[in-house]
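Written out below as structure tokens is the structure these notes cover.
Only this structure's heavy atoms are used, side chains among them; waters, hydrogens and symmetry mates stay out. Whatever order the structure lists them in is the order used to number ligands and atoms, beginning at 1.
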Amino acid sequence: MKAVILAGGFGTRLRPLTLEIPKPIVPVFDRPFLYYQIDLLRQVPDIDEVILSLNFRPERIEARVGDGAEAGLPVRYRVEPHPLGTGGAIKFASRGVRDTLLVVNGDVLTDIDLNAVVARHRERRALATVVLTPVDNPSAYGLVETDADGNVRRFLEKPGPNEITCDTINAGIYLLEPATFDRIPDDTAWSIERQYFPSLVARGETFVAHVDRGYWIDIGTPASYVRAHRDLMAGRCAAGPFRGKPPGTVHRGAGCRVAPGADLSGPCFVGDGCIVEEGARIGGESVIGPGCTIGPRAVIERSIVWGHSALGADAVVRDAILGEACRVGDGAEVGAGCVLGSRSTLSAHSRA
Ligand code: GDD
Ligand code: MG
């Protein structure tokens with residue numbers, strides 16, 4: 001079975017983090033986000049290849065992910081000549097595939113049992129199966145109504161406030177039969193959510209819902225990106241480096257040098273080769289990517305700092321996100337809600 005990961009979006013809501021690096025390879029702890037999805041796909045023994053559906057910055061993704069050896073499954077690339085929308089992208093990416101296709105939106109983090117979804121799709125001989133997750137406010141998602149037998153009765157993308165009739169939304173994970181793709185035109189932007197799914201309902205085709213009440217998040221905004229890290233560190237999502245670890249674990253990567261007088265509170269993540277100097281304080285729910293230097297008495301609280309950044313003496317970073325190779329000068333402070341793009345520099349004693 002082939003899996004398609006839809007990873008062609010621009011990641012605009014994650015700017016400035018996604019100005020230099022596309023969303024699929026934004027790091028979660030110290031691995032590209034995409035690798036967490038490939039970890040999930042590896043549960044399904046039938047999946048023998050991942051097709052990455054791309055259009056924005058494909059070269060950056062290819063350079064990082066290569067043939068998939070590090071990720072653990074063979075990876076192939078399909079780069080659209082221009083954005084084809086989710087439906088057009090799936091058809092373009094899966095050209096030549098005849099068997100059932102597993103499709104995942106490139107920005108969802110979950111620990112769902114994919115084998116159960118595959119089993120449901122086969123049992124029901126469905127033309128399409130969509131995973132649903134309950135959320136408090138469906139307006140930013142695809143609302144999906146089902147009947148008592150678990151068939152999809154309505155698929156409404158981005159419902160207005162008066163159109164919300166249930167709490168189950170499209171989790172961005174599908175099993176699809178490529179034989180149904182003849183309705184998707186070639187070379188035209190076409191939406192799986194706004195066109196293909198409603199067409200299945202309109203034609204009365206077997207379109208099945210699989211509700212999963214486990215962990216699920218779309219990491220497409222800075223707030224949900226931070227949230228995902230906190231949830232992984234707290235064990236709310238069984239994935240990543242904290243999986244199966246006791247609560248409050250301090251993860252220290254290989255080759256870290258932590259001064260005896262530095263204070264690290266769990267749960268936190270300190271990547272490979274970091275240097276944490278005397279008196280520095282790294283508070284719980286902080287994530288520091290590989291190769292960072294945290295100066296004497298510097299403080300990091302509830303923040304995410306990408307690799308190769310440096311904080312000077314007495315610098316403070318609270319409730320913020322710093323991209324790669326940032327420089328925070330001595331005594332400078334980065335405050336709540338700040339998101340600094342890669343290579344940002346804050347001179348000594350500045351406040352952001
Ligand atoms: N290759 C390709 N080409 N990929 C695309 C394109 C395209 O033209 N457009 C979007 N994508 C990819 C994005 O990179 C992302 O991984 C996925 O398709 C979904 O696009 P988003 O832009 O993140 O959509 P959304 O979050 O507003 O809504 C979607 O996801 C929700 C769950 O997170 C929809 O599928 C909703 O129905 C769903 O509830
Ligand atoms: Mg999304």
Legend entry - Sub-2.8 Å protein N, O or S atoms surrounding the Mg ion (ligand 2): Asp107 OD2, Asp218 OD2

Legend entry - Nearest-0.5 Å distance that lies between atom CG in Leu101 and atom NZ in Lys91: 13.5 Å

Legend entry - Lys2 side, atom NZ; Leu41 side, atom CG - distance, nearest 0.5 Å: 13.0 Å

Inset, instruction - Answer yes or no: does atom CZ of Arg257 have more than 12 heavy-atom neighbours from other residues, nucleotides or ligands under 6.0 Å? - result: no

Inset, instruction - Show your working on ring-ring contact (aromatic ring centres under 6.0 Å, His included) between Tyr174 and Phe197 and close with a plain yes or no. - result: CA-CA 11 Å; Tyr174 324 122; Phe197 288 142; 4.9 Å; yes

Inset, instruction - Classify the side-chain pair Glu324/Ser309 by whether it contains a donor and acceptor separated by less than 3.5 Å. - result: no

Could you pull out every N or O of ligand 1 that sits under 3.5 Å from a protein N or O, with the distance for each pair?
{"unit_1": "ligand 1", "atom_1": "1 (N)", "unit_2": "Ser53", "atom_2": "O", "d": "3.3"}
{"unit_1": "ligand 1", "atom_1": "1 (N)", "unit_2": "Ser53", "atom_2": "OG", "d": "2.7"}
{"unit_1": "ligand 1", "atom_1": "1 (N)", "unit_2": "Glu80", "atom_2": "OE2", "d": "2.5"}
{"unit_1": "ligand 1", "atom_1": "3 (N)", "unit_2": "Asn55", "atom_2": "ND2", "d": "3.1"}
{"unit_1": "ligand 1", "atom_1": "3 (N)", "unit_2": "Glu80", "atom_2": "OE1", "d": "3.2"}
{"unit_1": "ligand 1", "atom_1": "3 (N)", "unit_2": "Glu80", "atom_2": "OE2", "d": "3.2"}
{"unit_1": "ligand 1", "atom_1": "4 (N)", "unit_2": "Gly8", "atom_2": "N", "d": "3.1"}
{"unit_1": "ligand 1", "atom_1": "8 (O)", "unit_2": "Leu84", "atom_2": "N", "d": "3.4"}
{"unit_1": "ligand 1", "atom_1": "8 (O)", "unit_2": "Gly85", "atom_2": "N", "d": "2.8"}
{"unit_1": "ligand 1", "atom_1": "14 (O)", "unit_2": "Gly8", "atom_2": "N", "d": "3.4"}
{"unit_1": "ligand 1", "atom_1": "14 (O)", "unit_2": "Gly9", "atom_2": "N", "d": "2.7"}
{"unit_1": "ligand 1", "atom_1": "16 (O)", "unit_2": "Leu6", "atom_2": "O", "d": "2.7"}
{"unit_1": "ligand 1", "atom_1": "16 (O)", "unit_2": "Gly106", "atom_2": "N", "d": "2.8"}
{"unit_1": "ligand 1", "atom_1": "23 (O)", "unit_2": "Asp107", "atom_2": "OD2", "d": "2.7"}
{"unit_1": "ligand 1", "atom_1": "26 (O)", "unit_2": "Asp218", "atom_2": "OD2", "d": "3.0"}
{"unit_1": "ligand 1", "atom_1": "27 (O)", "unit_2": "Lys158", "atom_2": "NZ", "d": "2.9"}
{"unit_1": "ligand 1", "atom_1": "28 (O)", "unit_2": "Lys158", "atom_2": "NZ", "d": "3.2"}
{"unit_1": "ligand 1", "atom_1": "30 (O)", "unit_2": "Asn105", "atom_2": "ND2", "d": "3.0"}
{"unit_1": "ligand 1", "atom_1": "33 (O)", "unit_2": "Asp218", "atom_2": "OD2", "d": "2.8"}
{"unit_1": "ligand 1", "atom_1": "35 (O)", "unit_2": "Asn105", "atom_2": "ND2", "d": "3.2"}
{"unit_1": "ligand 1", "atom_1": "35 (O)", "unit_2": "Asn170", "atom_2": "ND2", "d": "3.2"}
{"unit_1": "ligand 1", "atom_1": "35 (O)", "unit_2": "Glu193", "atom_2": "OE2", "d": "2.5"}
{"unit_1": "ligand 1", "atom_1": "37 (O)", "unit_2": "Gly142", "atom_2": "N", "d": "3.2"}
{"unit_1": "ligand 1", "atom_1": "37 (O)", "unit_2": "Glu157", "atom_2": "OE1", "d": "2.6"}
{"unit_1": "ligand 1", "atom_1": "37 (O)", "unit_2": "Glu157", "atom_2": "OE2", "d": "3.4"}
{"unit_1": "ligand 1", "atom_1": "37 (O)", "unit_2": "Asn170", "atom_2": "ND2", "d": "2.9"}
{"unit_1": "ligand 1", "atom_1": "39 (O)", "unit_2": "Gly142", "atom_2": "N", "d": "3.0"}
{"unit_1": "ligand 1", "atom_1": "39 (O)", "unit_2": "Asn170", "atom_2": "O", "d": "2.6"}

Legend entry - Flag for Asn137-Tyr141: side-chain donor and acceptor within less than 3.5 Å: no

Legend entry - salt bridge (Lys or Arg N to Asp or Glu O under 4.0 Å) contacts touching residues 326-342 (sequence neighbours left out): Glu333-Arg351

Inset, instruction - Sort out for me which residue in Arg183, Arg124, Arg125 forms a salt bridge (charged side-chain N to carboxylate O under 4.0 Å, His left out) with Glu205. - result: Arg183

Inset, instruction - Give every residue pair that meets the salt bridge (Lys or Arg N to Asp or Glu O under 4.0 Å) criterion with at least one member in residues 92-114, sequence neighbours excluded. - result: Lys23-Asp107

